[in-house]
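Here is the structure we will look at, set down as structure tokens.
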Amino acid sequence: MVNYFVQFITILLIYLIGNGLVHWLNLPVPGSIVGMALLFLGLTLKVCKLKWVEAIAQLHIKHITLLFIPFAVGVWHYTGIFRVEGLKLTAILAASSIAVLLVTAGMAEFFEIKTKRGRQNGKND
């Protein structure tokens with residue numbers, strides 16, 4: 001339990017740093033995205049170790065569907081837009097979903113190959 005708390009605080013601090021950078025630099029992106037990019041860079045550059053955030057990230061992924069409930073409820077407030085622009089929105093959602101799926105699959109395959117090569121060469125990340 002303590003491990004989860006420490007890992008949560010680590011991710012929260014990275015999120016807050018991302019928010020701070022957005023406000024300080026007046027960036028047109030959400031602070032959570034900047035924080036996620038900082039976490040990615042930290043993990044990639046080995047400044048942040050995976051074991052510092054892995055358990056809480058796995059817990060978050062396990063329950064991520066709960067995060068879509070507010071979005072789904074919010075969509076019902078805009079049903080008029082779907083009546084007017086439904087076909088365009090459906091095409092955009094389908095195209096963006098396919099793009100995300102392909103990029104995610106490509107990245108997963110890339111990192112799996114990279115991990116296998118590292119293991120074959122005797123490196124353990």
Can you name the one residue among Leu39, Leu25, Leu21, Ile14 that meets side chain to side chain contact (heavy atoms under 4.5 Å, CB included) with Val34?
Leu21
Scan residues 27-39 for pairs that pass side chain to side chain donor-acceptor pair (under 3.5 Å), counting only residues two or more places apart or in two chains.
none
Tell me if the CG atom of Leu87 is crowded by more than 12 foreign heavy atoms within 6.0 Å.
no
What side-chain donor-acceptor pairs closer than 3.5 Å can you find for residues 91-99, not counting sequence neighbours?
{"residue": "Ser96", "atom": "OG", "partner": "Ile92", "partner atom": "O", "Å": "3.0"}
{"residue": "Ser96", "atom": "OG", "partner": "Leu93", "partner atom": "O", "Å": "3.1"}
{"residue": "Ser97", "atom": "OG", "partner": "Leu93", "partner atom": "O", "Å": "2.8"}

Please check if Trp24 and Leu27 belong to a single hydrophobic cluster, counting links between Ile, Leu, Val, Met, Phe, Trp and Tyr side chain heavy atoms closer than 4.5 Å.
yes
Using 0.5 Å steps for rounding, measure from the CD atom of Gln7 to the CD atom of Glu54.
8.0 Å
Just verifying a value: how many Å separate Leu13 CG and Leu38 CG, rounded to the nearest 0.5 Å?
12.0 Å
Determine, using the 4.5 Å side-chain heavy-atom cutoff (strictly less than), whether Val53 and Tyr15 are members of one ILVMFWY cluster.
yes
Using the rule that two of Ile, Leu, Val, Met, Phe, Trp, Tyr join whenever any of their side-chain heavy atoms come within less than 4.5 Å, decide whether Trp52 and Tyr4 are in one cluster.
yes
Determine, using the 4.5 Å side-chain heavy-atom cutoff (strictly less than), whether Val22 and Ile17 are members of one ILVMFWY cluster.
yes
Do Leu16 and Ile11 sit in one hydrophobic cluster, given that two such residues count as connected whenever their side-chain heavy atoms are within less than 4.5 Å of each other, even indirectly?
yes
Please round to the nearest 0.5 Å and tell me the distance separating atom CG of Leu66 and atom NE2 of His60.
10.0 Å
Taken to the nearest 0.5 Å, the spacing of Lys62 NZ from Ile64 CD1 works out to 14.0 Å
From Lys88 NZ over to Ile81 CD1, what is the distance, rounded to the nearest 0.5 angstrom?
12.5 Å
Spacing of Arg117 atom CZ and Ile113 atom CD1 [to the nearest 0.5 Å]:
6.0 Å
